[in-house]
Enquirer: 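Have a look at this one.
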There are 2 protein chains.
Amino acid sequence: MTELRRAAGAARGRSSVPEATVARLPLYLRVLTSLADRAVRTVSSETLAKAAGMTSAKVRKDLSYLGSYGTRGVGYDVDFLLGRIAAELGLTEDRTVVLVGVGNLGHALAGYAGFRSRGFRVVALLDVDPDRIGESVGGVAVSPLDEMEALVERNQVTIGVICTPAAAAQAVCDRLVSAGITSILNFAPIALSVPVGVDVRKVDLAVELQILSFHEARKRSAPATGGVAAPTRSPGRRAGGRSGESDDPRLAMVTRAPTGPPTLGTRGTGPLVGTTGGTSGAATGAVTGAKTGGEAS
Amino acid sequence: MTELRRAAGAARGRSSVPEATVARLPLYLRVLTSLADRAVRTVSSETLAKAAGMTSAKVRKDLSYLGSYGTRGVGYDVDFLLGRIAAELGLTEDRTVVLVGVGNLGHALAGYAGFRSRGFRVVALLDVDPDRIGESVGGVAVSPLDEMEALVERNQVTIGVICTPAAAAQAVCDRLVSAGITSILNFAPIALSVPVGVDVRKVDLAVELQILSFHEARKRSAPATGGVAAPTRSPGRRAGGRSGESDDPRLAMVTRAPTGPPTLGTRGTGPLVGTTGGTSGAATGAVTGAKTGGEAS
DNA sequence: TCAACTTCGTGAAGTCCTTCACGAAGTCGT
DNA sequence: ACGACTTCGTGAAGGACTTCACGAAGTTGA
Ligand SMILES: NC(=O)c1ccc[n+]([C@@H]2O[C@H](COP(=O)([O-])OP(=O)(O)OC[C@H]3O[C@@H](n4cnc5c(N)ncnc54)[C@H](O)[C@@H]3O)[C@@H](O)[C@H]2O)c1
Ligand SMILES: NC(=O)c1ccc[n+]([C@@H]2O[C@H](COP(=O)([O-])OP(=O)(O)OC[C@H]3O[C@@H](n4cnc5c(N)ncnc54)[C@H](O)[C@@H]3O)[C@@H](O)[C@H]2O)c1
């Protein structure tokens, strides 16, 4: 009955390199580059896998999506594979980038050599702070935000990097899209919304740390799993850390604390579901896969 | 025949929250924090989903792993959920962090307020450069690497952040692990190997950009994709015995160019090609995303 | 040329994650 | 108190990705 939906999957149609594989190609590329620098000629899936922290089966599967370019009994030709992956990633031509928000983080990124060495050319740095305009970072001068459109068009820029505070991110994003940018790398801790056709990737330090924290919490198994108290309506002002940045315009249409008590009594009732339900069960389990390769989509 | 291996999977056993869900909890946490700051009392899965760039079904499914704490017809209690997620992520107690490599990137991270605001306390900054020792960033002084062990123990540090050049990363990692660190966030473009029980997550700018580049390449469908030249038959001769040691021990047993001088200028320095990119050069890469569920293709 | 190896390529099976869909539980207005 | 509505919780179905396992293709040495 779902045969019809097959069409959707087909949309991804040709080329069809799985996303998970695409995310690993850069890894292989790095290892191959390193090997090439050492004049290594060929490499087996096993060796490549070890260097990339991967399994050989996965490597072979991944590479098979690019075609059958290995030599049985030998391995893959380093130089050839290098070129093949670079081509697949669209790195044959330099890609231009604009970076918006030259603050702490923006500075570090703008001066990052790995940018250029990988074929990404930063052609513009933009900021609203007058004090930063004109300053040069990594050989590129900081320009006022207003020059965005002109710079993007003149340099045929397709990738934008956002390093502004969260509050400004969506506006900057919208403007980048209007200017013609179709790929965005966002460092601001906020989910951007963009029209279809525009890709967004997010890098979030806090998220990474919190994920580590999760696993950390399970390592020292302190199974003193106190039963969770019922979700009382009573304000408990939990911890969690108050973050300074909170300016998400999409947080509308939610229940607000009534300044004047319109519906008081009714509100406070229902203590919510008990734990009766058969399922769920969120006890604490010893886990710790410990493997380095765990991912999620 | 695979039934037996079930044991391995069972290790993940009962009640554990799926990795994919864990990776999204920080996202919800952020949105909830923002809501709480505005005195919003309850939020529906639909609203939460929109703010987090997610679907409501996914949100409900994710939250269901923590237990059934929603109220039908109403939604989730913001404060309660906030506390519940924070607890699940092990954020009830401050987590301490050491950061190694206070260079460009390290500086930015060390001064990042988002660290502290989310319950992560940077208790030490370490570097080998004598010029940096003593300098204070974000209220923390840079200490010499030798103090790592003492600092880690004294402060019960469990998380380490690596911002050194790739060439030094594995050594730093090893030392961190020896000192007692069990979670590492790695910004150096190299795959670290660690003993089981230690978690590693990587963040790599270059990988993100290359993934964007891949999709970018498919957007402007320039089908002028010249047929790939034949897989270049390699005259390769496998190395008989040992192969020279190199920066990365895992790159052993690979074919080397015959008569080629072992150490080719790659020693140590690694990246930094600086000049007009092209292909040659640096090492970049490393991957592992774990997130980004919101793309449309 | 042949036998012994090595290593790729890939169907198939298994695991994990996402999406669907709908009953249950609760709220709200009258 | 009741009927109309909301919104959660969750089994089930479907996909996506990973791992297995083994035949095929190619290499090396005698
Ligand atoms: N510093 C880090 O290590 C780090 C880590 C993770 C995430 N982040 C995130 O990256 C972003 C930047 O962090 P930061 O530490 O560099 O902050 P910052 O305040 O040092 O820099 C922000 C810069 O953006 C500029 N800016 C503000 N509004 C702008 C606008 N509308 N258009 C263009 N430029 C604008 C400011 O002038 C400033 O130069 C924040 O969202 C932060 O949460 C930073
Ligand atoms: N700068 C960026 O935006 C950026 C982005 C992505 C990844 N990275 C990666 O992050 C790492 C750091 O980048 P960076 O631009 O800050 O480089 P950097 O050269 O500015 O800083 C490196 C720092 O590490 C210190 N260091 C070197 N060896 C060390 C050792 N053995 N122990 C302790 N400290 C040591 C150096 O003294 C220096 O202070 C690199 O691996 C880089 O590839 C950087």
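Bear in mind the structure is a predicted one, so any value in this text is a computation, not a measurement. Below, chain A is the first sequence line, B the second, and so on; all start at residue 1.
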Enquirer: Round to a whole Å and report the spacing from NZ of A:Lys61 to P of D:dC20.
Expert: 13 Å
Enquirer: Please determine whether a side-chain nitrogen or oxygen atom of B:Ser45 lies at a distance below 4.0 Å from atom OP1 or OP2 of D:dT7.
Expert: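 False: B:Ser45 side-chain N/O out of range (4.0 Å or more) of D:dT7 OP1/OP2.
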Enquirer: Nearest whole angstrom, please: distance from the C1' of C:dT10 to the OH of A:Tyr65.
Expert: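 Computing the A:Tyr65:OH to C:dT10:C1' distance gives 10 Å.
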Enquirer: Does the side chain to side chain contact (heavy atoms under 4.5 Å, CB included) test come out yes or no for A:Leu29 and A:Arg118, once each step is laid out?
Expert: CA-CA 10 Å; A:Leu29 190 59; A:Arg118 269 290 142 231; 4.2 Å; yes
Enquirer: How many Å lie between CG on B:Leu63 and C1' on C:dT18, as a whole number?
Expert: 15 Å
Enquirer: Let me spell it out: for each of A:Ala20 and A:Ala57, pick the nucleotide of DNA chain D with the closest heavy atom. Which residue's pick is nearer the 5' end?
Expert: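 Comparing both residues, the 5'-ward one is A:Ala20.
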Enquirer: Would one find a side-chain N or O of A:Ser68 under 4.0 angstrom from OP1 or OP2 of C:dT10?
Expert: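 So the side chain of A:Ser68 is within the cut-off, an N or O lying under 4.0 Å from OP1 or OP2 of C:dT10.
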Enquirer: Taking OP1 and OP2 of D:dC17, is either one under 4.0 Å from a side-chain nitrogen or oxygen of A:Thr21?
Expert: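 Answer is no, no contact under 4.0 Å.
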Enquirer: Distance check: side-chain N/O of B:Tyr76 vs OP1/OP2 of D:dG9, anything under 4.0 Å?
Expert: yes
Enquirer: Using atom CG of B:Leu81 as one end and atom P of D:dC8 as the other, report the distance to the nearest whole Å.
Expert: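 The answer, rounded to whole Å, is 11 Å.
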Enquirer: Mind listing the closest non-hydrogen atom pair of A:Met54 and A:Tyr28 along with its distance?
Expert: SD-OH, 3.8 Å
Enquirer: Which heavy atom of A:Glu19 sits nearest to which heavy atom of B:Ile211, and what is that distance?
Expert: OE1-CG2, 4.5 Å
Enquirer: Measure the distance from CZ on A:Arg24 to C1' on D:dT19 and round it to the nearest whole Å.
Expert: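 The distance from CZ of A:Arg24 to C1' of D:dT19 comes to 12 Å, rounded to the nearest Å.
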Enquirer: Under 4.0 Å from OP1 or OP2 of C:dT19: is there any side-chain N or O of B:Lys58 that close?
Expert: yes
Enquirer: Determine: side-chain N/O of B:Ser44 to OP1/OP2 of D:dT7, distance under 4.0 Å, yes or no.
Expert: no
Enquirer: For a quick test of reading the model: is some side-chain N or O of A:Arg60 closer than 4.0 Å to OP1 or OP2 of D:dC22?
Expert: no
Enquirer: Can you tell me the distance, in whole Å, between the CG atom of B:Asp77 and the P atom of D:dC8?
Expert: 13 Å
Enquirer: Any chance you could lay out the side chain to side chain contact (heavy atoms under 4.5 Å, CB included) test for B:Lys219 and A:Ser183, step after step, and finish with the verdict?
Expert: CA-CA 10 Å; B:Lys219 282 175 192 167; A:Ser183 289; 3.5 Å; yes
Enquirer: Can you tell me the distance, in whole Å, between the CG atom of B:Asp62 and the P atom of C:dC16?
Expert: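 These atoms are roughly 16 Å apart.
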Enquirer: Test B:Val17 against every option in B:Val22, B:Asp62, B:Leu89 by the side-chain contact (heavy atoms from CB on, under 4.5 Å) rule and name the one that passes.
Expert: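 Among B:Val22, B:Asp62, B:Leu89, the one meeting side-chain contact (heavy atoms from CB on, under 4.5 Å) with B:Val17 is B:Val22.
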Enquirer: The side chain of A:Arg72 is closest to which nucleotide in this list: C:dT7, C:dA12, C:dC17?
Expert: C:dT7
Enquirer: Rounded to whole Å, how long is the line connecting atom OH of A:Tyr69 with atom C1' of D:dA25?
Expert: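 It is 18 Å, rounded to the nearest whole Å.
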